[in-house]
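To start, the structure under review is shown below, and the notes come after it.
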Amino acid sequence: MMTSRPRWLPHPGWLLLIPAVALLGGILGVPLWQSFWRSIGSGDWTLEHYSALFTDGVTLKVLARTGQAAAVVTIVTLLLGYPYAYLMTRVGPLWRSVLVVMVLMPFWTSALARNFGWLILLYDNGLVQRFIALFGFDDVVLYGTAQGVTLAMSQVLLPFMVLPLFSALGGIDRRLLLAARSLGSPPLVAFWKVYFPLSRGGVVAGCILTFTLACGFYVTPALIGSPRESLIAQLLGQRTTQLLDFAGAGALGTLVLVVTLVLVWWANRMGGSMATIGAVAGQTGTRR
Amino acid sequence: MTIGISRSSSTGPAGEPTGKGAQIRLESITKDFGLAHPAVDNVTLTIEPGEFMTFLGPSGSGKTTTLNLIAGFESLTSGTIRLDSQDVSTLPAHKRNLGMVFQNYALFPHMTVAGNIAYPLRERRVPKPEIERRVAEVLELVQLQGRDKHYPSQLSGGQQQRVALARAIVFNPRALLLDEPLGALDRNLRAALQLEIRRIHREVGTTLVFVTHDQEEAMNLSDRIALFHDGRIEQVGSPENLYAEPETLFTARFLGDSTVFALGDQPVTGPVTWEDERWAVDSGTVAQRARSGGPTALVVRPESVGIVRDRAQVPSGANSVRARVRDIEYMGAYRTLLLAVGQEGITGRARIPAADKNYALGDEVVAWWHPDAQRIVAA
Ligand SMILES: Nc1ncnc2c1ncn2[C@@H]1O[C@H](COP(=O)(O)OP(=O)(O)O)[C@@H](O)[C@H]1O
Ligand SMILES: [Mg+2]
């Protein structure tokens, strides 16, 4: 039996959303609004803080550097993550669990411990440098450089690439590869023409996640990178905690948010699936 | 237009002589996955050019593995596979030039119908105008004109399977391999597509290997059936041959219904006994494999069994046995009596006219048949 309810009353199921909406509004919406409010002069309706971003000679440079670092991290994790995720679809349940645990390991270590761990590994004459030197690359400096930061960030962000990829690759019917081979494609061609296009949703989702998260990295570049090569999050930190320039920081934060949202929107149109991202964010949490 | 399709084969980019399709020879092929026994166990079979050959057998009997070995998706443990006497045992799948159709269609979801069908032609670097012409021809052959711009997900199961069929024949393969292509379709659609596949086979004239576990489908379609059992071929022959002259109990049971009387190890050259009955044997009905000793069984098809009320009515020279009516199945065109036969009460079947309503459950009857309608097989 259906119980009737006045048309203007929403379905009672919506009531369940109230706690979540209240929490999000309280801890995300309000502060976001506050910093935006400050960035436009707290009611003075000025755009000076925004124009300053484009004229101070620092912000744009740091923004570009951040974008570049995030892009490199995205490419590195894609190149590492694709074969990894592929392997995950090919092994049995036991080995799959092992691979998942391995890739999620960074999440279960504290951010500080992990970064100091990298610090020790990356120091001049540290383990990594000496290992690379075995192959003749004895002039690679990792501590205090963009390369070192890329390496450490890639490790943390790998799961955000691997998990959406795994979910996309796992859904591809392997018989399509057999079909392609029977139709005349050598294995690599079959992969490129059939398998890879079908994995595009996962690739785009993984790239959006990794790129946007990489744009916001703070601890890793601060500890491992050089102060002369700071990224956007450090700039934000500096403005809020040292310069106490909340209006400027608000403007910068808003700019970064808008740029990120535009990127996400664009990439989503390119074939990424927000559902995949949601599922993965749910699986991993978003601690950094 | 179908002529156009077979004619363009002479200009086929692989340069193979196509014509009627290739002969496929399996010479003692074995595939061992390291399980209890090989998935395909020393199978030898020659499939003639243009033949419609069906691999029939229960699930797990090695049909798919055999087909995958022919296609080149699996490597042989031992043995040789020849296409028109060319040894292709180690030739990779993409160089074998064989059209494959899968049960789940395996259409490329990111390509249109036309894109799917053009795929093998593009892989063979066929010029664009010719691709367009051949795609149009083959779409007509499978009666899907006007669907070329649809994506597979926009088509019904039957239409998708037609596209898969079109994609597999458009490049004039040396043979067509179909692995339970109708398994996912409902009954009516299956019947329609069976006719379709027969028509296409007639028009294209290629060698065709068709895998199914459905004996009715195998009987309807095939020139010959290879019946698989535990990785081996139990018997090869025309549908009539397998139905009327089974060599083994497995074959007799797999194709059609029958009443089975286990005869044990008694000699079958003369009259045989079963419980307290004594039956005449027509030596022409003793299977080759039942002559060499070992346990045998006597089988009778339901349509060969007559039912009477008592022994006096049994025609002279016929074999007969006491039975009790256990159930009656109305099949529309006829009725099937399910019988409890003999003292032991083994299950027997007899076919009676649909209009015959003289029998009721529990009736004591006598079942009879002529000795030339029975068959003695290896058990
Ligand atoms: N890739 C494989 N690895 C291990 N065992 C397999 C593989 N493919 C098939 N088998 C086994 O081989 C036997 C035959 O399988 P299959 O050829 O698929 O039978 P059918 O097609 O007649 O149902 C089965 O026992 C199956 O479990
Ligand atoms: Mg099978």
Side-chain angles (χ1 to χ4, degrees), chain A residues 78 82 85-87 89-95 164-208 266-277 279, chain B residues 12-14 16 64 67-74 91-111 115-126 152-153 160 163-181 184 209:
Chain A
L78 179 61
Y82 201 100
Y86 181 80
L87 191 66
T89 66
R90 299 297 294 146
V91 295
L94 179 69
W95 274 106
L165 277 175
F166 171 64
S167 121
L169 300 191
I172 299 178
D173 181 358
R174 293 192 59 80
R175 274 169 294 194
L176 295 177
L177 284 175
L178 293 186
R181 278 167 55 198
S182 76
L183 296 170
S185 299
L188 278 179
V189 176
F191 175 85
W192 182 245
K193 290 190 174 170
V194 173
Y195 195 90
F196 188 74
L198 291 174
S199 69
R200 210 179 62 174
V203 171
V204 174
C207 286
I208 296 178
W266 170 76
N268 199 38
R269 283 193 26 158
M270 295 294 293
S273 133
M274 278 298 141
T276 325
I277 297 180
Chain B
E16 312 290 351
T64 295
L67 204 69
N68 286 346
L69 288 168
I70 298 174
F73 298 153
E74 300 276 4
L91 196 68
H94 63 275
K95 292 186 181 158
R96 291 197 189 186
N97 228 14
L98 297 168
M100 182 93 192
V101 176
F102 301 82
Q103 175 173 351
N104 69 339
Y105 324 129
L107 295 176
F108 304 133
H110 58 302
M111 297 180 197
N116 267 279
I117 299 176
Y119 188 95
L121 301 177
R122 279 194 254 112
E123 288 302 275
R124 287 166 176 75
R125 314 236 180 283
V126 175
S153 59
Q160 290 187 45
V163 176
L165 210 52
R167 185 180 66 176
I169 54 183
V170 72
F171 60 101
N172 299 299
R174 304 166 83 177
L176 207 49
L177 312 176
L178 302 92
D179 192 358
E180 311 224 10
V209 185

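Proteins get letters first, then strands, A, B, ... in listed order; numbering begins at 1 in each.
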* Do you know the tightest heavy-atom contact between A:Ser182 and B:Met100? -> OG-CB, 3.5 Å

* Asked: For B:His94 and A:Ser185, which heavy atoms make the closest approach, and how far apart are they?
  -> CB-O, 3.3 Å

* To do: Against chain A, label B:Ala93 side chain, backbone, both or neither, depending on which of its atoms sit under 4.5 Å from a heavy atom there.
  => both

* To do: For B:Tyr119, enumerate each residue passing the ring-ring contact (aromatic ring centres under 6.0 Å, His included) test, keeping only those at least two apart in sequence or located in another chain.
  => B:Phe108

* Tell me, for B:Arg167 versus chain A, whether the close heavy atoms (under 4.5 Å) come from the side chain, the backbone, both or neither. => both

* If you look at every heavy atom in B:Leu107 and A:Leu176, which pair is closest and at what distance? -> O-CD2, 3.2 Å

* Asked: Do you know the tightest heavy-atom contact between B:His110 and A:Lys193?
  -> NE2-O, 3.0 Å

* **chain A interface, residue from B:Gly99, B:Ala164, B:Pro109 that has the most non-hydrogen pairs under 4.5 Å** => B:Pro109

* With sequence neighbours excluded, give me every salt bridge (Lys or Arg N to Asp or Glu O under 4.0 Å) pair touching residues 177-191 of chain A. => none

* Part of B:Phe102 lying under 4.5 Å from any heavy atom of chain A -> side chain

* To do: Determine the minimum heavy-atom distance between A:Ala179 and B:Ala106, stating which atoms define it.
  => CB-O, 3.9 Å

* Structure fact -> Nearest heavy-atom approach of A:Leu183 to B:Glu123 is O-CB, 4.1 Å

* To do: Give, as side chain, backbone, both or neither, the part of B:Asn68 having an atom under 4.5 angstrom from any heavy atom of chain A.
  => neither

